[in-house]
There are 2 protein chains.
Amino acid sequence: MGLIDNINKLFDHRIRLGIMSILMVNDDVDFNRLKELLDVTDGNLASHTKTLENAEYIKIEKAFIGKKPNTKYFITPLGKQAFKKHIDALEDLIRNPK
Amino acid sequence: MGLIDNINKLFDHRIRLGIMSILMVNDDVDFNRLKELLDVTDGNLASHTKTLENAEYIKIEKAFIGKKPNTKYFITPLGKQAFKKHIDALEDLIRNPK
DNA sequence: TAAAGTACTTTGAAATTCAAAGTTAAAATA
DNA sequence: TATTTTAACTTTGAATTTCAAAGTACTTTA
């Protein structure tokens, strides 16, 4: 087994890493806020959130705030767990690469 | 400026992350040892080391050990600096994503 | 009713990744 | 001496990923 096997491929990507990091510490974040924090285009953000959603690492909630449609993202328990494991693997790799 | 701008794209990739982590704590590591630690194919390892070499993050040294050719990899000061910066950005992102 | 905003989905091209096969040169073996 | 093996790649080509831009559907505001 290689050293990097516990590093989650889904989190190899900076944008997805950013999304997860943000969702780890914020109960909910909406589309535009994520877009602004990460400085990405709509389509790009949408495809990365979808990737994380397919893995059931995040979930989506749509609602109207006043008159405007609003989409919020949440991290799931599975996502939280996977992310923690990834961070642990990262720390391990960096501190302990034999 | 987005949250993830200080994350180095070259280190997004698990194999390159692994190579750098290993070279951060080992003065020199040879091709076969890297291959074994990371559990990758020859061609795959060669292309990732080349990517890091092109960025001048690592350097190569060829010699014969006894009768056998041997290739050693080292991290450069630039690479060390870039990697530290990346790790700091990662920590920042994870602890502080606003 | 026309224009603008939200949150996408689709598209298509470019970039990246990978294993496998091929290469080169030296070393060991027969 | 001829053949095989080993190290460390390079090349190839296919699959996958990434991305911005364009398109979509619905809603609100002017």
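Here is how names work: the chains are called A, B, and so on, in the same order as the sequence lines, proteins then strands, and each is numbered from 1. When reading the values below, keep in mind they use all heavy atoms of this one structure, side chains included, and skip hydrogens, waters and symmetry mates.
Summarising the geometry, the separation between CG on A:Leu45 and C1' on D:dT18 is reported as 14 Å, rounded to the nearest angstrom. Between the P atom of C:dC8 and the CG atom of A:Leu52 lies a distance of 13 Å, rounded to the nearest Å. Atom pair B:Leu34:CG and D:dC9:P shows a separation of 10 Å (rounding to whole Å applied). Between the CG atom of B:Asp39 and the C1' atom of C:dC18 there is a distance of 14 Å, given to the nearest Å. D:dC26 atom P lies 12 Å from atom NZ of A:Lys62, rounded to whole Å. Regarding B:His48, its NE2 atom lies at a distance of 16 Å from the C1' atom of D:dA8, rounded to whole Å. Atom-to-atom, CD of B:Glu61 to P of D:dA8 comes out at 14 Å; the value is rounded to the nearest Å. For the pair B:Leu38 CG and C:dT17 P, the interatomic distance rounds to 15 Å; values are reported in whole Å.
You'll find that the side chain of A:Phe64 is closest to D:dT27, out of C:dC8, D:dC19, D:dT27. Among the nucleotides C:dA28, D:dA20, C:dT9, the one closest to the side chain of A:Asn44 is D:dA20. Closest to the B:Ala46 side chain, of the nucleotides D:dA8, D:dT10, C:dA7, is D:dT10.
Counting non-hydrogen atoms under 4.0 angstrom, B:Ile65 reaches nothing in the nucleic acid. Residue-level contact check: A:Lys68 touches neither bases nor backbone, having no heavy atom under 4.0 Å from any strand.
OP1 or OP2 of D:dC9 sits under 4.0 Å from a side-chain N or O of B:Tyr73. When the side-chain nitrogen and oxygen atoms of A:Thr71 are compared with OP1 and OP2 of C:dT6, none of them lie within a distance under 4.0 Å.
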Query - Stepwise salt bridge (charged side-chain N to carboxylate O under 4.0 Å, His left out) test for B:Glu53 and B:Lys50 - result: CA-CA 5 Å; B:Glu53 213 197 332; B:Lys50 166 149 270 185; 5.8 Å; no

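Heavy-atom neighbours of A:Asn54 CG from other residues, nucleotides or ligands within 6.0 Å: above the threshold of 12. Within a 6.0 Å radius of CD in A:Glu56, other residues, nucleotides and ligands contribute 12 heavy atoms or fewer.
Taking for each of A:Pro69 and A:Thr41 the nucleotide of DNA chain D with the nearest heavy atom, the 5'-most of the two is the partner of A:Thr41. Summary of the strand contacts: A:Ile60 and A:Lys9 both lie near DNA chain C, and taking for each the nucleotide with the nearest heavy atom, the more 5' one is attributed to A:Ile60.
A side chain to side chain contact (heavy atoms under 4.5 Å, CB included) with B:Ile15 is found for one member of A:Asp12, A:Ile7, A:Ile4 and no other, namely A:Ile4. Between A:Lys35 and the choices A:Asn44, A:Asp42, A:Thr41, the side chain to side chain donor-acceptor pair (under 3.5 Å) rule is met once, by A:Asp42.
Using a 4.0 Å cutoff on non-hydrogen atoms, the parts of residues 11-32 of chain A near DNA chain D are A:His13, A:Ile15, A:Arg16, ordered by number.
Ring-plane geometry between B:Phe11 and B:Phe83 is classed as perpendicular, the angle between the planes exceeding 60 degrees on a 0 to 90 degree scale with a lower cut at 30.
A distance-only check finds a donor-acceptor pair linking the side chain of A:Thr76 to the backbone of A:Tyr57 [under 3.5 Å].
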